[in-house]
Amino acid sequence: MTDKLDKVPDPADTPPAGAVPPEAIRAIPVRHYGRWISAVVVIALVVALGFAFAQGNVRWATVPEKLFEPSILEGLANTVWISVASMALGLVLGVVFAVMRLSKNPVTSTIAWFYIWFFRGTPVYVQLLIWFNLALIFPILNLGFYKDEMTQVMTPFLAALLGLGLNEGAYMAEIVRAGIQSVDEGQTEASHALGMTQTQTMRRVVLPQAMRVIVPPTGNEFINMLKTSSLVVAVQYFDLLRAAQDIAATSFAVMEMFFVASIWYLALTSIFSVGQYYLERHYARGALRSLPPTPWQKVKANLSRFSTRKAVA
Amino acid sequence: MTAMVKAEGVHKSYGAAHILKGIDLEVAPREVFCLIGPSGSGKSTFLRCINHLEKINAGRLYVDGDLVGYRQKGDKLYELKDSEVAAQRRDIGMVFQRFNLFPHMTAIENVMEAPVMVKGESKAVARERAIRLLDRVGLGDKGGNYPSQLSGGQQQRVAIARALAMEPKLMLFDEPTSALDPELVGDVLDVMRDLAESGMTMVVVTHEMGFAREVGDSLVFMDGGVVVESGHPRDVLGNPQHDRTKAFLSKVL
């Protein structure tokens with residue numbers, strides 16, 4: 001037994017004194033011919049598509065001209081505003097209804113179930129129209145301390161906010177619920193054992209950990225919201241798409257204005273994607289031993305890898 | 001002197017599974033009380049009943065003279081509200097097999113959390129005590145680390161410090177060393193031994209027979225949801241009377 005153990009080489013001893021360090025491997029990397037061929041095919045297709053667009057009935061000069069048109073910028077600001085406001089409403093409702101849904105109280109969990117069932121089960125476009133036409137059912141809004149004609153109260157902004165926000169709340173409730181359920185039960189037990197109440201446990205222990213699971217799909221939801229907000233044209237809200245359509249209707253630059261709108265939507269979603277990345281990094285603290293690299297660090301790492309490959313070949 | 005823990009005919013079942021079949025025992029103040037037994041014997045379940053993480057189905061369970069989880073008026077029992085149960089648990093510390101540290105907080109934040117949130121202590125006061133407690137468990141320099149950056153043994157010692165931060169009168173240990181690599185067990189047992197010497201009342205579910213023999217004042221062997229044998233650890237471990245105790249000990253010793 002001891003003999004056997006003695007024969008195991010002690011790693012501290014292995015490189016005998018004076019030995020040359022091992023030579024690093026410098027091999028020729030595997031050639032990926034398929035990648036080169038597919039790249040050529042894709043480039044050819046893109047060129048053909050670009051050619052078609054260039055030949056089409058599009059006055060390209062109009063696009064940059066109209067990109068910073070005051071009405072376009074106003075619509076853009078309104079799109080950002082309604083998206084952020086609706087998302088904020090959706091987040092709050094989502095957390096509230098997720099907690100209600102998981103509650104032991106049968107009344108609250110049933111209410112939450114119905115809310116999610118209705119607002120997730122009907123198209124958001126229909127919901128927007130229902131809010132906008134609410135005056136057909138409640139001609140007068142009477143809250144006791146406040147009374148007015150419903151048509152006065154239900155402005156395009158309010159209809160858009162309620163339509164988008166309540167719909168989003170139903171989706172967010174399911175996302176938050178999944179997040180809450182992903183947190184280990186031992187966490188709740190440890191928190192309870194320390195004398196923390198259900199509410200304290202939810203707020204201090206469960207939700208912060210659920211955020212890791214909640215943030216990525218919420219980023220998706222927000223990017224979706226930026227685009228879905230274009231439906232608010234249906235309730236007369238002056239958003240980016242409406243601004244573009246208004247110009248298109250008078251200047252006959254139909255395609256051009258859609259391109260203008262698309263450029264702005266792409267810009268918005270790109271900016272928020274970057275923000276989402278850093279938010280995810282923030283909530284990963286404690287869960288990972290070291291945080292993942294930022295995009296800039298990744299670019300640098302890739303560049304240095306590329307240069308070593310060239311050096312080898 | 002009132003017993004720190006008193007169980008009278010405690011029963012617990014999950015649906016059809018009858019886990020505890022009438023447990024009677026008493027833990028005196030300042031006593032180190034060890035629970036041993038094969039897995040599935042109900043020892044962990046019983047421990048979790050003491051701080052009402054599990055509701056008992058029959059019998060009575062008292063901690064320091066107070067009924068756990070209920071209020072008795074005449075011959076009627078009233079369930080306590082969530083906040084009242086939480087208040088009862090303040091004085092009972094618990095250490096889990098899998099540590100259950102809060103992974104999104106550093107070691108020191110873990111220890112500070114309950115005093116600040118539950119007792120409304122100022123952060124400065126809580127921080128000072130947390131530093132002292134981490135020092136006591138030998139982790140004075142690890143306060144800024146997240147649990148994922150600590151070894152299992154270190155995490156468990158932070159968990160002990162976290163429970164002690166509430167200045168409990170009773171500490172429950174649920175197999176505190178079972179999830180640890182063998183070479184890390186000693187550090188955790190040292191902390192527990194130190195705690196026992198300071199006079200803390202401890203109920204310990206464990207497979208560490210050496211610890212039970214050296215540190216324990218009483219020992220109970222459970223099997224199949226009942227107490228099979230109890231007494232001083234030296235007697236039960238050295239001279240078991242029941243066949244089931246003998247069979248169990250012959251496997252683990």
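Computed from a prediction, not measured in an experiment: that's the story for all the values here. No hydrogens, no waters, no symmetry mates; every other heavy atom, side chains included, goes into these values.
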Any carboxylate oxygen within less than 4.0 angstrom of a Lys/Arg side-chain nitrogen, looking at Arg71(B) and Glu79(B)?
no
Toward chain A, the part of Arg48(B) with a non-hydrogen atom under 4.5 Å:
side chain
The interface call for Leu53(B) against chain A, heavy-atom contacts under 4.5 Å, is side chain
When Arg98(B), Met117(B), Gln88(B) are compared by non-hydrogen pairs under 4.5 Å with chain A, the top option
Met117(B)
Would you mind checking which part of Leu172(B) comes under 4.5 Å of any heavy atom in chain A, side chain (CB onward), backbone (N, CA, C, O), both or neither?
neither
Interchain contact, Glu113(B) with chain A, by part (heavy-atom threshold 4.5 Å):
side chain
Any salt bridge linking Arg90(B) with Glu167(B)? Criterion: basic side-chain nitrogen under 4.0 Å from a carboxylate oxygen.
no
Electrostatic pair Glu174(A)-Arg120(A), nearest N-O below 4.0 angstrom:
yes
Would you say the ring centers of Tyr78(B) and Tyr70(B) fall short of 6.0 Å from each other?
no
With chain A, which of Leu101(B), Val85(B), Thr106(B) has the greatest number of heavy-atom pairs at distances under 4.5 Å?
Leu101(B)
Assess whether atom CH2 of Trp117(A) is packed by more than 12 heavy atoms of other residues, nucleotides or ligands within 6.0 Å.
no
Structural part of Phe96(B) lying under 4.5 Å from a heavy atom of chain A:
side chain
Less than 4.5 Å to any heavy atom of chain A: does that hold for the side chain of Met166(B), its backbone, both, or neither?
side chain
Which atoms of Gln198(A) approach chain B - backbone, side chain, both or neither, heavy atom under 4.5 Å
both
When you check the gap from the basic side-chain N to the acidic O, do Arg136(B) and Asp194(B) get nearer than 4.0 Å?
yes
Atom CE of Met172(A) and atom CG of Asn167(A): how far apart are they, to the nearest 0.5 Å?
12.5 Å
